[in-house]
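What follows is one structure encoded as structure tokens, with my remarks underneath.
Numbers here simply count residues along the sequence, with the first being 1.
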Amino acid sequence: MSSVLLDVHLTESDAEAALHADARAGLTAQPKQLPPKWFYDGRGSELFEKITELPEYYPTRTERALLRASVDDIAAASGADTVVELGSGSSAKTRLVLDAFTRAGTLRRYVPQDVSEPALRLALNALADEYPGLDLHGVVGDFTHDLGGLPRGGRRMIAFLGGTIGNLLPDERAAFLTHVRSVLEPGEQLLLGTGLVVDPSIVVPAYDDAAGVTAEFNRNVLHVLNRQLGADFTPESFAHVAAWDAEHEWIEMRLRAERDMTVTLAALDLVVRFAAGEEMRTEISAKFRRDGVRAMLGEAGFELSRWWADADDRFGLSLAIAR
């Protein structure tokens, strides 16, 4: 039988305090901005699942196909007995990884980490049924600062998939990777998924689909603020914008006010004014090149050991060793 443990390092009150701080800081900044993690309430998660099925949105299916093709090589190259996944959600893609490490005969423990305790409990229950004998140790926490609570012991490989590292600004990326390195022993590993730089004619439609699902996903952050902070945003008065930034090589999502507006956030005792045409950044999704990934990992104390990419060079998987 599987052993199932759950450590909670992030409570609802912690998440509430973080939302308050992020909303106040972002809405009083110039230009205004909000972190993308607040997209993902129940409705936002459902919308994102719909996005992953859209014909324009290639990253999820490209990464999944690449994992499917490479995962036995990854397991053989790694030899880890513990797979840790950051931002695990439902752990759907990681089942490919777990199956490969099981076939390789090394897997003993899986450690999913996520901000949502209910989602993590559901995932652990399902995995306990699917992988009898596998030790499961869930950790509720924020991957940007709660990694010190990850269980130690064994030979660990941390998986950070989905291209999520691209949602972090360069300084945030560097801090995150340094934090990951600090909780690993020399020789332990990081499996990193990164979207790669492709032609803007391919990447922009992935974040601005014809059906308008991404636009609704983008506006969902305003619904979150209305519900959780007593705000009075009119989401339909904001237009979805997706633009390629060639200098930084990232796609940027914004919300553009279509008229002058004054918004009150009761929980923050804050009044925010938007001018017609003013844009608020809600997400970046940086795309990378292999040499840049190698350099980024090297600066954080990792050595790039193996690299896998799809035939069209749209997504990369890096296995890096902690020096």
Side-chain angles (χ1 to χ4, degrees), residues 2-5 7 63-64 66-114 120 123-124 127 130-131 133-139 141-144 146-165 173 176-194 288 290 293-294 296-309 315-323:
S2 302
S3 67
V4 181
L5 299 172
D7 298 337
E63 182 188 29
R64 186 179 291 116
L66 179 60
L67 266 176
R68 190 174 291 114
S70 310
V71 75
D72 286 307
D73 286 345
I74 292 169
S78 168
D81 61 23
T82 297
V83 172
V84 180
E85 185 183 12
L86 306 183
S88 59
S90 64
S91 303
K93 277 183 292 192
T94 307
R95 283 169 169 79
L96 295 171
V97 178
L98 298 183
D99 289 345
F101 278 78
T102 299
R103 288 193 295 270
T106 62
L107 187 65
R108 303 289 178 267
R109 179 174 57 166
Y110 174 53
V111 180
Q113 182 266 358
D114 198 77
L120 206 47
L124 288 170
L127 290 166
E130 294 174 43
Y131 297 90
L134 180 63
D135 290 338
L136 300 168
H137 192 154
V139 179
D142 185 327
F143 63 71
T144 59
D146 291 330
L147 301 186
L150 293 175
R152 294 183 177 270
R155 178 175 168 81
R156 297 175 299 170
M157 183 191 79
I158 291 179
F160 191 49
L161 302 173
T164 307
I165 193 165
R173 278 179 235 150
F176 165 73
L177 289 171
T178 300
H179 185 30
V180 172
R181 174 61 190 88
S182 74
V183 302
L184 292 175
E185 300 295 331
E188 292 188 316
Q189 302 149 345
L190 169 66
L191 178 66
L192 181 66
T194 48
F288 299 88
R290 180 176 179 171
V293 172
R294 184 191 300 275
M296 179 174 67
L297 290 167
E299 290 168 4
F302 289 96
E303 180 179 350
L304 180 61
S305 171
R306 295 287 302 275
W307 169 268
W308 297 266
F315 205 93
L317 291 168
S318 309
L319 184 65
I321 312 298
R323 293 197 295 258

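- Arg181 and Pro186 make their closest contact through NH2-CG, 3.9 Å (heavy atoms, listed as atom of the first residue, atom of the second, distance).
- No donor-acceptor pair closer than 3.5 Å links the side chain of Ser78 to the backbone N or O of Ile74.
- Side-chain contact check for Leu161 versus Glu63: some heavy-atom pair is nearer than 4.5 Å.
- Side-chain N or O atoms of Thr106 include one that pairs as donor or acceptor with a backbone N or O of Ala80 at under 3.5 Å.
- Using the six-membered ring where Trp is involved, Phe176 and Phe160 have ring planes that are tilted, between 30° and 60° apart.
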Would you check, one step at a time, whether the test salt bridge (Lys or Arg N to Asp or Glu O under 4.0 Å) holds for Glu185 with Arg155?
CA-CA 9 Å; Glu185 300 295 331; Arg155 178 175 168 81; over 6 Å; no
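- When all heavy atoms of Arg306 and Ala77 are compared, the closest pair comes out as NH1-CB, 3.8 Å.
- A donor-acceptor pair is defined here as one N or O able to donate and one able to accept, closer than 3.5 Å; such a pair exists between the side chain of Gln113 and the backbone of Gly87.
- Glu188 and Gly154 get closest at one heavy-atom pair: OE2-O, 3.4 Å.
- Across all their heavy atoms, Asp7 and His137 have their closest contact at OD2-NE2, 2.6 Å.
- A distance-only check finds a donor-acceptor pair linking the side chain of Arg323 to the backbone of Phe302 [under 3.5 Å].
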Step by step, would you call Leu134 with Leu127 a side chain to side chain contact (heavy atoms under 4.5 Å, CB included)?
CA-CA 9 Å; Leu134 180 63; Leu127 290 166; over 6 Å; no
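- The pair Glu85-Lys93 does not count as a salt bridge, with every side-chain nitrogen at least 4.0 angstrom from each carboxylate oxygen.
- Across every non-hydrogen atom of Ser3 and Asp135, the tightest pair is OG-OD1, 2.8 Å.
- In this model, no donor atom of one side chain and acceptor atom of the other lie less than 3.5 Å apart for Thr82 and Arg156.
- Of all non-hydrogen atoms in Leu147 and Val183, the two that sit nearest each other are O-CG1, 3.7 Å.
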